[in-house]
Structures are given as structure tokens and as C-alpha cells.
Amino acid sequence: MSGVAARYPGLTRIVFSEAEITARVADLGRQIDAFYPLEEELLMVGLLKGAFVFLSDLARAISRPSLKVDFLVAALYGEGTDPSREVRLLYDMETPIEGRHVLLVEDIIDSGKTLNRIGDELGRRSPRSLEVCAFLHKQLATDLRYEPRWVGFDAPADWLVGYGLDLGERYRHLPFIAAIAPGSERGL
Ligand code: IMP
Ligand code: MG
């Protein structure tokens, strides 16, 4: 960790290494592949920005003749634990999802607000099926209406960066998941 700490200020420890992630994503890909009938098309919907790295690895771990990819951009507004925090859909996809198998791909489930809001939105569009695959799950959400069928790893309650996750847009590019010290955004 010491070399990493020197190169990337604020990181306190590596939580999931690149090798662990690679192995786990391959498992998830196999499980997802086995879940859907091979001849039926799957539409993976990534929640940007955080899911961009996970989705790109996961899609390549799935081998089926028909797989499509699209994205949504959602953002959570408001401060910290304020219950009035609101999730807004900033960009909607053009692909119609009615009658399709939709797999919503999330980077991390924290309060669960994002998933509840986006799950409701997609559910209204009458997909044939709607499942969720989250790379990380903090297991803190108390009223999650869409339980993820697949989770990469249960995660600690720390703020995590890397593999698509950021702190103030920093560190999305790290190939591993690390914890970052609270307040680090001020020093970066
Ligand atoms: P939720 O709506 O509280 O479940 O939060 C989901 C979103 O918050 C995720 O898609 C991330 O963009 C962001 N988020 C939550 N926890 C973390 C973290 O530990 N590191 C980086 N982003 C996080
Ligand atoms: Mg984010």
C-alpha cells in the first residue's frame, strides 16, 4: 500500500485488488449468462458515470449472441444524509425497453435512493424482465425496492474510489477499489 499511498494521496487501503475484481467479474458474467435463455436478447443499462468501468468489463465477460448496451445518467442532489435528497435523471436512453430483458448495472448501492428511483422509472416502461447487478453493496439501504440479483462484493461503509467510483471526479481510473480518508477532497 505504501507505494500506492504515495502516488494517490488520501488512499488509506486497497479494499479489492485488481486480481480479485477480475476473478469476480468473470463469475458474475458466467452467472448472468446462465440466467437468461441463450437465444433471448439482453439489454444492459449502465448508470453513469460510476458504472462505466464495471459495465465494460462485465459485458465482455458475457458471451451470448445478442447483447446490447445503453446508458442513463442519474445524479443525487442534496447534502449528506438529508432525507430530501433527490435523484434526477440527467440523460435518458433512446432504446425502448418494453418487452426486453433489462439488466440495470450499478457501481455501488449506498442509501439505495438511486436504485429505487431508476428502478421505478424503468419498471414503468414494461420491460419483459428487470434485474439489477451492482458491483458493490454497502448493505446500508433500509427500503430497497429492487434487490440486486447479482452483487460483486459487499463493501465497507467507507467512501470508496476506483474502478469507476470517484471522490469529486478523482480516481475513477484506478483498476482497484480503495478507501479514501474523509476530507481528502479538500487536499486533492
Ligand atoms: P445511493 O443512491 O445512496 O445508493 O448512492 C448511489 C450513488 O452514490 C452511486 O451510484 C455512486 O455514484 C455514489 N456513491 C455512493 N457511495 C459511494 C462511494 O463509496 N464512493 C463513490 N461513490 C459512491
Ligand atoms: Mg458518483
Side-chain angles (χ1 to χ4, degrees), residues 4-5 8-18 20-21 24-25 28 44-59 69-93 102-123 130-188:
V4 172
Y8 305 115
L11 301 197
T12 53
R13 68 198 158 93
I14 292 181
V15 178
F16 301 109
S17 70
E18 189 172 0
E20 285 175 286
I21 293 172
R24 185 67 187 127
V25 172
L28 291 173
M44 297 176 81
V45 176
L47 266 185
L48 293 178
K49 298 177 195 170
F52 84 105
V53 178
F54 177 46
L55 188 138
S56 70
D57 283 347
L58 186 62
V69 173
D70 212 330
F71 294 96
L72 297 172
V73 182
L76 193 52
Y77 287 89
E79 289 303 312
T81 53
D82 180 351
S84 66
R85 291 181 85 194
E86 193 194 329
V87 179
R88 278 187 230 152
L89 193 55
L90 303 183
Y91 168 82
D92 200 353
M93 58 190 171
V102 173
L103 176 61
L104 184 60
V105 179
E106 250 281 45
D107 53 354
I108 185 165
I109 303 173
D110 185 354
S111 72
K113 274 206 164 194
T114 306
L115 189 51
N116 282 345
R117 163 82 171 80
I118 300 302
D120 286 349
E121 179 65 42
L122 297 183
L130 177 59
E131 300 292 345
V132 175
C133 178
F135 180 60
L136 300 175
H137 194 341
K138 288 187 177 172
Q139 303 288 355
L140 299 173
T142 49
D143 66 340
L144 204 54
R145 293 196 294 277
Y146 302 89
E147 276 300 325
R149 185 171 290 277
W150 300 280
V151 171
F153 301 99
D154 283 345
D158 311 57
W159 195 262
L160 302 173
V161 295
Y163 205 64
L165 299 172
D166 70 309
L167 176 66
E169 296 302 324
R170 294 286 301 267
Y171 292 153
R172 290 193 194 275
H173 64 303
L174 304 183
F176 50 82
I177 292 282
I180 189 160
S184 299
E185 64 274 30
R186 289 189 293 274
L188 296 178

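When a ligand or atom number is given, it counts from 1 through the structure's own listing order.
Residue-ligand proximity, D166 to ligand 1, at heavy-atom distances under 4.0 Å covers atoms 21 (C). Within ligand 1, the atoms closer than 4.0 Å to a non-hydrogen atom of L160 are 18 (C), 19 (O), 20 (N), 21 (C), numbered from 1 in the order shown. Using a 4.0 Å cut-off to heavy atoms of T114, the atoms of ligand 1 that qualify are 1 (P), 2 (O), 5 (O), 6 (C). Heavy-atom proximity to D158, at under 4.0 Å, picks out these atoms of ligand 1: 19 (O).
Contact between G123 and L130 at its shortest, heavy atoms only, is N-CD2, 3.9 Å. The two residues D154 and F16 have their closest heavy-atom pair at O-CZ, 3.5 Å. Heavy atoms only, all atoms of each residue included: L144 and G112 are closest at CD1-CA, 3.7 Å. Nearest approach of K138 to W159, heavy atoms of both residues: NZ-CE3, 4.2 Å. Between V151 and L28, the shortest heavy-atom distance links the atoms O-CD2, 4.0 Å. For I177 against G162, the heavy-atom pair with the smallest separation is CD1-O, 3.4 Å.
Considering backbone and side-chain atoms alike, L115 places every N or O at 3.5 Å or more from each N or O of ligand 1. Residue G112 has at least one N or O atom closer than 3.5 Å to an N or O atom of ligand 1.
Contact analysis leaves L167 out of contact with ligand 1, as no non-hydrogen atom separation drops below 4.0 angstrom. For K49, the closest heavy-atom approach to ligand 1 does not fall below 4.0 Å.
Both the backbone and the side chain of I108 come within 4.0 Å of ligand 1, judged by heavy-atom distances.
In this model, no donor atom of one side chain and acceptor atom of the other lie less than 3.5 Å apart for D107 and Y163.
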